[in-house]
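Encoded as structure tokens, the structure appears first; notes follow it.
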Amino acid sequence: MAATLTQYPSILDFIGHTPLIHLKRINPYPLATFLAKAEFTNPGGSVKDRMVLHIINDAEKRGVLKKGGTLIENTSGNTGAAVAMIAAIRGYKAILTMPDKVSQEKQNALKAYGAEIIVCPTSAPPDSPEHYVNRAISLANETPNSFRINQYDNPKNPEAHYLTTGPEIWEQSHGKVDYFVASASTGGTISGVGRFLKEKNPKVKVVMPDPIGSIYYHYFKTGNIPEGGNCNYQLEGIGEDHIAHAMDFSILDDVIKVKDKDAFQCGRRLALEEGVFAGGSSGANVWACLEIAKTLKEPAVIVTVLPDGGIKYLSKMYNDAWMKKNNYL
Ligand SMILES: Cc1ncc(COP(=O)(O)O)c(C=O)c1O
């Protein structure tokens, strides 16, 4: 294949246009075709680059983000990497709050871009001032000339995926999508992509794996917010202890519960069997694809996303001692 080599004005110019990879070896079900969108190939290392760039571009255009300003966000690490990367290029300061379960590798990566990080207890309930989202909100109120990305409630988050990830999947799959599978935190990815794909073909089924301990499964099934959703699971960046407004539950056809152990083991199989070194949420997504594939009565194309890469989890899911200690092996 003849490669087209080109120059890019900056690293931000190759956000998006990620590969859609046919996963063949991990899928034993002949009726299913698995296609996975390799979002870890974005320059900040995750699916979050798309929405952060979209939100910052919009804020600059509207004049609410001014030269020399401070970007503030609550993040499990990936949004932070995107914010810190863009801040470095565009001359903003970045302050990022995160729960203490975020891996050391992710925390250090943000510091590498020059961001200031504030680590908050994972166990802090959603109404506590120590909760990482509330810390970001109060920082944004206290800091002059600051702009909070507000990924949980910002409609520009799903819009970024509606405008880019969804159309890319449609084009790369030649419009042959039967299922779209994605675990969610803000819900930006699944809501934006799901909406786009359903507009193209209302028969597309949108399925979300949700970690045990997150409130989304219960909320989807009953319409009520359960007591005790505390995010005390080990999977990073998916599931929630509060309802994000970027999450459009009306786009979902089903939510299935996923265990840490199944997600991490499936993630490790991705590396071993497909040569794809991805994170725990990728494992959760591919595990859910396998669950769907098991039940198929006719051929189906199941598309999913691989939100981030494995290198960020070397001390956790790719560390045998950590896996054994947590009874995940
Ligand atoms: C590793 C990882 N996977 C999946 C997601 C979910 O993406 P979204 O917030 O678009 O629902 C996130 C979000 O933080 C993440 O960090």
Side-chain angles (χ1 to χ4, degrees), residues 36-40 42 44-55 73-83 96-99 101-103 105-107 109-110 132-133 136 149-166 180-196 206-211 214 216 220 231 233-249 251-252 255 258 260 263-264 266-267 270 277-288 304-313 316-317:
K37 188 90 167 129
E39 288 299 298
F40 56 80
N42 280 302
S46 88
V47 68
K48 296 292 184 172
D49 286 6
R50 296 174 185 266
M51 69 94 178
V52 174
L53 182 64
H54 187 60
I55 289 172
E73 186 58 333
N74 35 274
T75 168
S76 64
N78 284 327
T79 298
V83 172
L96 304 161
T97 66
M98 65 192 58
K101 75 173 175 184
V102 170
S103 69
E105 294 94 313
K106 276 192 191 166
Q107 295 186 24
L110 305 182
Y132 73 115
V133 178
I149 305 294
N150 192 16
Q151 57 173 332
Y152 284 100
D153 299 325
N154 195 331
K156 293 278 160 198
N157 171 1
E159 186 181 85
H161 296 288
Y162 178 83
L163 294 174
T164 68
T165 327
F180 177 67
V181 176
S183 45
S185 163
T186 68
T189 311
I190 197 165
S191 306
V193 173
R195 193 176 123 217
F196 181 88
V206 176
V207 180
M208 177 170 97
D210 193 41
S214 159
Y216 281 164
F220 175 77
C231 290
Y233 43 85
Q234 295 281 3
L235 277 161
E236 292 180 33
I238 57 173
E240 268 315 323
D241 54 9
H242 67 288
I243 301 290
H245 292 117
M247 176 77 223
D248 179 0
F249 284 90
I251 219 81
L252 303 180
V255 179
V258 59
D260 282 340
F264 292 140
C266 192
L270 271 174
F277 190 38
S281 64
S282 302
N285 289 350
V286 175
W287 175 84
T304 192
V305 280
L306 306 174
D308 70 356
I311 202 110
K312 295 173 183 173
Y313 307 99
K316 295 177 90 181
M317 65 184 276

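One-based numbering, in listed order, for ligands and for the atoms of each.
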Lys312 bridged to Glu236 by N-O distance under 4.0 Å: no
Do you know which of Thr186, Thr75, Thr79 makes side-chain hydrogen bond (donor to acceptor under 3.5 Å, both in side chains) with Gln151? Thr79
Heavy atoms of Ala288 and Pro209 approach each other most closely as CB-CG, 3.6 Å
Go through the side-chain N and O atoms of Glu240 and Ser185 and say whether any donor and acceptor fall under 3.5 Å apart. yes
Between ligand 1 and the protein, find all N/O pairs closer than 3.5 Å and give the distance for each.
unit_1   : atom_1 : unit_2 : atom_2 : d
ligand 1 : 3 (N)  : Ser281 : OG     : 2.7
ligand 1 : 9 (O)  : Lys48  : NZ     : 2.5
ligand 1 : 9 (O)  : Thr186 : N      : 3.0
ligand 1 : 9 (O)  : Thr186 : OG1    : 2.6
ligand 1 : 10 (O) : Thr189 : N      : 2.9
ligand 1 : 10 (O) : Thr189 : OG1    : 2.6
ligand 1 : 11 (O) : Ser185 : N      : 2.9
ligand 1 : 11 (O) : Gly187 : N      : 2.9
ligand 1 : 14 (O) : Lys48  : NZ     : 3.4
ligand 1 : 14 (O) : Gly237 : O      : 3.3
ligand 1 : 16 (O) : Asn78  : ND2    : 3.0

List the atom of Leu270, the atom of Ala278, and the distance in Å for their closest heavy-atom pair. CD1-CB, 4.3 Å
Side chain of Asn285, backbone of Ser183: donor and acceptor closer than 3.5 Å? yes
